[in-house]
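Just so it is clear, the model here is predicted, and its values are computed rather than measured.
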Amino acid sequence: MFGGTMQNKKNRARLAAAFALFLIAMLATAGATRGATPCRQDADSVILEVVPPDRIVAVGSTFTVQIVLEAGAHEIIGAQLFLDFDPAYLQVVELKDGNQLTDILLKSFDNALGQINYAPARLFGPPPSGTFELLTIEFQATNLTVGTPLTFVRTRQLSGGGTMDMKIVSHDGAQLPVITRDGRVIIANATPTPSPEPTCVSTCTPVWHRLRLPL
């Protein structure tokens, strides 16, 4: 009994490792898989967007934006995305995983270059569809600006040479065409909250004066 249980666990572990390697190879290969796995037509595009698209925040504050995927009826098993920001105005505090593609193959940020790299996947269980959050990014606003962009990058140049491409992969291994919607952050001076003015309630106290009348 225990031998069979241990064997099942080993088999599941091997399957998970093999599937992870498959997804890594499929997501990390830049352009080599395009001939073997052609993109679907534009009618089958998915949308990758920054939510909310515009934020107004105070300088020195921390805030979050979400990276959301609108997949429609497509069942998604993997994604690979790259986002650029201006490190003169924004710094990443934390990257928080979404709750649908929970097996993380790549997760990094560089506050000197202003880059975020992220590749989540779904190794087991039913793949998600519809609209769902891939990633939450917590930023700190460091300098005033009338608007600094959060921009999706189609191809990331690697420091060691080579490139990696943005990809959204469906359950059948097809690479889906992606429409991107960038974001923008406006960083303003913090506005002090005015203190409420005290409400004065006046109380009228009658004053009686004595009058002296001549006799």
Kindly determine whether I67 and L48 satisfy side-chain contact (heavy atoms from CB on, under 4.5 Å), including the steps that lead there. CA-CA 7 Å; I67 305 301; L48 192 61; 3.9 Å; yes
Which heavy-atom pair separates [X] from [Y] by the least distance, and what is that distance?
X: G98; Y: Y118; result: N-OH, 4.0 Å
X: L150; Y: D182; result: O-CB, 3.1 Å
X: I168; Y: V178; result: CG1-CG2, 3.5 Å
X: R55; Y: F63; result: NH2-CB, 3.7 Å
X: R122; Y: P128; result: NH1-CD, 3.8 Å
X: P87; Y: A112; result: CG-O, 3.5 Å

Any side-chain heavy-atom pair from [X] and [Y] closer than 4.5 angstrom?
X: V46; Y: I179; value: no
X: S170; Y: I77; value: no
X: F139; Y: V92; value: yes
X: V169; Y: I76; value: no
X: R181; Y: E70; value: yes
X: L95; Y: I137; value: yes
X: V153; Y: L83; value: no
X: F132; Y: L101; value: yes

Would a hydrophobic clustering, with Ile, Leu, Val, Met, Phe, Trp and Tyr connected at side-chain separations under 4.5 Å, put [X] with [Y]?
X: V51; Y: L134; value: no
X: Y89; Y: I186; value: no
X: L81; Y: L113; value: no
X: I104; Y: L135; value: yes
X: I56; Y: L90; value: no

Heavy-atom donor-acceptor pair, [X] side chain to [Y] backbone, under 3.5 Å:
X: H74; Y: D44; answer: yes
X: S61; Y: A58; answer: yes
X: D103; Y: L123; answer: yes

Passing candidate, side-chain contact (heavy atoms from CB on, under 4.5 Å) with Q80, options M166, M164, R156, Q175: M164
Can you list the steps and then say if V185 with T148 is a side-chain contact (heavy atoms from CB on, under 4.5 Å)? CA-CA 5 Å; V185 180; T148 184; 4.0 Å; yes
Hey, are D84 and T151 close enough side-chain-wise for a donor-acceptor pair under 3.5 Å?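 Short answer, no.
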Kindly indicate, with the supporting measurements, whether the criterion side chain to side chain donor-acceptor pair (under 3.5 Å) is fulfilled by T155 and D165. CA-CA 4 Å; T155 300; D165 288 345; 3.0 Å; yes
Run the side-chain contact (heavy atoms from CB on, under 4.5 Å) test on N117 and K107 for me, step by step, so that the C-alpha distance in whole Å, both residues' side-chain angles and the decisive distance to 0.1 Å come before the verdict. CA-CA 6 Å; N117 307 316; K107 181 180 179 180; over 6 Å; no
Working to the nearest 0.5 Å, report the span between [atom1] of [X] and [atom2] of [Y].
X: T136; Y: Q66; atom1: OG1; atom2: CD; result: 4.0 Å
X: Q100; Y: E133; atom1: CD; atom2: CD; result: 9.5 Å
X: Q91; Y: N143; atom1: CD; atom2: CG; result: 9.5 Å

Test side-chain contact (heavy atoms from CB on, under 4.5 Å) on I116 and F152; report intermediate values, then the result. CA-CA 9 Å; I116 296 171; F152 289 107; over 6 Å; no
